[in-house]
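All values derive from a computational prediction rather than experimental measurement. Only this structure's heavy atoms are used, side chains among them; waters, hydrogens and symmetry mates stay out.
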Amino acid sequence: MTENTYSEFDFDYDDFLPPHEPEAPAEADTGPALPFALGGVDLLSPPGFVGQVTDWIDAQCRYPRRRLAVAAALVSLGNIGGLRHVDLDYEITANLMTFCVAASATGKERILEATQQLMGAAGMSRVMHGGIKSEQEITRNLIEHQAACYVVDEIGIFLTKVRNAQKRGGATYLEGVFGALMSIYSKAAGRYLLSGDVRRDLRKVYSQMLSACQEEGDEDGATSAKRMLDMVDQGLHRPFLSVIGFTTPSTFDETIDGANAEQGFIGRALIIHEHDINPAPRANFTRAPMPEQMQLRLAALAQGGVMDAMKRQSARVEWTGDLEPIGTEPDAHVMIRAAMDWSIAYAAYMDENTGGASVAMVRRMIEQMLKVSLILAIPHGVRTADHVRWAFAYCRAELDAKVRDVFANDNATARPDEALAARILRYIGEEGLSVKTLSNRMKTKQDKLEAILKRLEASGDAAQVPGKRKVKGRPITIWRASQG
């Protein structure tokens, strides 16, 4: 696997980023066997250029937020390269919906700012939006520019409002937001049809624009107006919608339920948790500058129509040239086929154990794996076995955590002990917590937690280990989720 290094850029990084502890994916001790070996994978270090971008994002953070840095790197590179690259073999696109969940005052803002800087370095500041107001606004943003890339702080509050609007009525302008997000998100390789009222209004606007450009002899403007008139009738061509949102567990966790999973919203999204609510600051912290070579490479990935649009404030940010093909190496094809077969078997296994909502999430995991492996491949021109292996491990880990959350929220009443066990595994993660800390965070009595932790230990899902913190010179005992 790719090491944390900036050798490609001749950039001395050791002064900014202390080495992190690698995170290996869990082995499969229940359910169908994994489709291929995952040895050597570090879930916190994507291979290639995406891994280098992850390092730079991580080096913006006084408090280590490595999981969020990985998510932000994937979303940013997907946005930057997604307009002008095409997946030749699987017709998948590079846009992602990602939710980054971490406790307050632990450094989410630095990740958000780094995402904005990366997009800005590629000349894509004009397609970024800091909030989602309504279904109509989403459509207007995509009419103005081909891409609408949402970088939203405290998105959990917004999602809760939308969820309440769906359940209780009121705030009708919010009710269609989930549907619009899912519909447009899936049209990044096709067309999105506009409503009749919107089409009528736009015909007037672009007809007037065409007439004015023709009178002024503005050939480029006239060509653009004609293209937009065609899109008014045929639908927006390759609308590129992505979302990265930052939130806290208290405002987000309740939105992860079976209804959203089966509708596809949760299943389509990557949900990344930082479990440590009290990370220690890095000693002698100084933000790392963005290497000039990195800026140039980001701009190159987004070159052409995007960069041309920056020359004129009135121009539409879009890609109108030939798409750059991304192929897949033969051994990567074999691995993808194996992962698809595994997903069918795993969905059947999860249906028996956690219910129908899990089936939809498992099936959508393959789409996520293809998207993530495509993003890893874009800077290098071809999807390799390493890209597929890392993407599978990453998306499977995210899936298993999400399945536990949905199960816990949906079964708190019908299957309380199993739901509590699922919540415990999410809280302790691989970092681990003491029973006392777990009791305080979950607001549950210690004796009840201890009984379920003992069951999880017997099943091999959790283990007691010495923690890093010491009391009177002796390490306290913590519980953490097993890696397999």
Exercise for the section: Would you please test V86 and I326 for side chain to side chain contact (heavy atoms under 4.5 Å, CB included) and show each step? Expected result: CA-CA 6 Å; V86 61; I326 301 294; over 6 Å; no

Practice task
Give the intermediate values and the outcome of side chain to side chain contact (heavy atoms under 4.5 Å, CB included) for residues V127 and F240.
Solution key: CA-CA 10 Å; V127 304; F240 189 96; over 6 Å; no

Handout entry: Steps toward side-chain hydrogen bond (donor to acceptor under 3.5 Å, both in side chains) verdict (N95, T93)
Key = CA-CA 6 Å; N95 56 326; T93 53; 2.6 Å; yes

Exercise for the section: Would you sort out whether I344 and R363 count as a side chain to side chain contact (heavy atoms under 4.5 Å, CB included), showing the intermediate values? Expected result: CA-CA 7 Å; I344 300 299; R363 293 181 66 88; 3.3 Å; yes

Exercise for the section: May I have the step-by-step check of side chain to side chain contact (heavy atoms under 4.5 Å, CB included) for F158 and I132, ending in yes or no? Expected result: CA-CA 8 Å; F158 168 76; I132 305 172; 3.8 Å; yes

Exercise for the section: Any chance you could lay out the side-chain hydrogen bond (donor to acceptor under 3.5 Å, both in side chains) test for Y150 and N141, step after step, and finish with the verdict? Expected result: CA-CA 10 Å; Y150 290 91; N141 289 337; 2.9 Å; yes

Practice task
Test Y346 against D341 for side-chain hydrogen bond (donor to acceptor under 3.5 Å, both in side chains), laying out the working first.
Solution key: CA-CA 9 Å; Y346 195 50; D341 293 341; over 6 Å; no

Handout entry: Evaluation steps, side-chain hydrogen bond (donor to acceptor under 3.5 Å, both in side chains), between D58 and H20
Key = CA-CA 10 Å; D58 193 17; H20 70 273; 5.5 Å; no

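The environment of CZ in R282 is crowded: more than 12 heavy-atom neighbours from other residues, nucleotides or ligands sit within 6.0 Å.
Ring-plane geometry between W342 and F392 is classed as perpendicular, the angle between the planes exceeding 60 degrees on a 0 to 90 degree scale with a lower cut at 30.
H387 places a side-chain N or O within donor-acceptor distance of the main-chain N or O of T384, the cut-off being under 3.5 Å. A donor-acceptor pair is defined here as one N or O able to donate and one able to accept, closer than 3.5 Å; no such pair exists between the side chain of R389 and the backbone of L38. Although no hydrogens or angles enter the test, the distance criterion places no donor-acceptor pair under 3.5 Å between the side chain of Q52 and the main chain of M294. D89 places a side-chain N or O within donor-acceptor distance of the main-chain N or O of T328, the cut-off being under 3.5 Å. Proximity of a side-chain donor or acceptor of K402 to a complementary backbone N or O of A269 within less than 3.5 Å is detected. Without hydrogens or angle criteria, S183 side chain to G179 main chain gives no donor-acceptor distance under 3.5 Å. Between the side chain of E91 and the backbone N or O of D87 there is no donor-acceptor pair closer than 3.5 Å. The closest donor-acceptor contact from the side chain of S439 to the backbone of V435 lies at 3.5 Å or more, if one exists at all. Panel note: side chain H129, backbone V152; no donor-acceptor pair is recorded below 3.5 Å. Although no hydrogens or angles enter the test, the distance criterion places a donor-acceptor pair under 3.5 Å between the side chain of T247 and the main chain of G156.
Ion pair R455/E450 not flagged as a salt bridge, since none of the NZ, NE, NH1 or NH2 atoms sits closer than 4.0 Å to an Asp/Glu carboxylate oxygen. The residues R67 and E23 are annotated as salt-bridged, a charged nitrogen and a carboxylate oxygen being separated by less than 4.0 angstrom.
A cation-pi arrangement is present between K371 and Y185, with the terminal nitrogen or guanidinium carbon under 6.0 Å from the aromatic centre and inside a 45° cone about the axis.
Atom CG of D400 sits about 11.5 Å away from atom SG of C395, to the nearest 0.5 Å. To the nearest 0.5 Å, atoms CG (D42) and CD (E21) are separated by 9.5 Å. From D276, atom CG reaches atom OH of Y63 across 11.5 Å, with rounding to the nearest 0.5 Å. Rounded to the nearest 0.5 Å, atoms CG (L376) and CG (L77) are 8.5 Å apart. The structure places SG of C100 at 7.5 Å from CD1 of I111, a figure rounded to the nearest 0.5 Å. Distance check, rounded to the nearest 0.5 Å: SG of C61 to CD of E109 gives 10.0 Å.
Residues V101 and E274 form no side-chain contact, since every pair of their non-hydrogen atoms from C-beta on lies 4.5 Å or further apart. The closest side-chain heavy-atom distance from W56 to Q117 is below 4.5 Å. Side-chain contact between V372 and V50: absent, with no pair of heavy atoms (C-beta onward) separated by less than 4.5 Å. A 4.5 Å side-chain heavy-atom check between W479 and E457 finds at least one atom pair inside the cut-off. Contact check for M365 versus S343: no side-chain heavy atoms found under the 4.5 Å cut-off. Within the 4.5 Å cutoff, the side chain of R480 has no heavy atoms near those of the H275 side chain. The shortest distance between side-chain heavy atoms of P22 and L44 does not fall below 4.5 Å. Side-chain contact check for T54 versus R66: some heavy-atom pair is nearer than 4.5 Å.
Contact between P64 and A280 at its shortest, heavy atoms only, is CD-O, 3.3 Å. Summarising the geometry of L298 relative to L118, their closest heavy-atom pair is CD1-CD2, 3.7 Å, with the distance given to 0.1 Å. Closest approach of T437 to S434, counting heavy atoms only: OG1-OG, 2.9 Å. Closest non-hydrogen pair, M442 versus L420, comes out as CE-CD1, 3.4 Å. Taking both residues in full, the closest heavy atoms of I375 and A94 are given as CD1-O, 3.5 Å, listed atom of the first, atom of the second, then distance. The two residues L438 and Y427 make their nearest non-hydrogen contact at CD1-CB, 3.6 Å.
A donor and an acceptor atom, one from each side chain of D461 and S459, are located under 3.5 Å apart. In this structure, a donor-acceptor pair under 3.5 Å is present between the side chains of T106 and R65.
For the side-chain hydrogen bond (donor to acceptor under 3.5 Å, both in side chains) test with Y90, the passing option among H333, E367, R383 is H333; the others fail. Paired with V243 under the rule side-chain contact (heavy atoms from CB on, under 4.5 Å), one option of T98, V75, I155, L96 passes, and it is I155.
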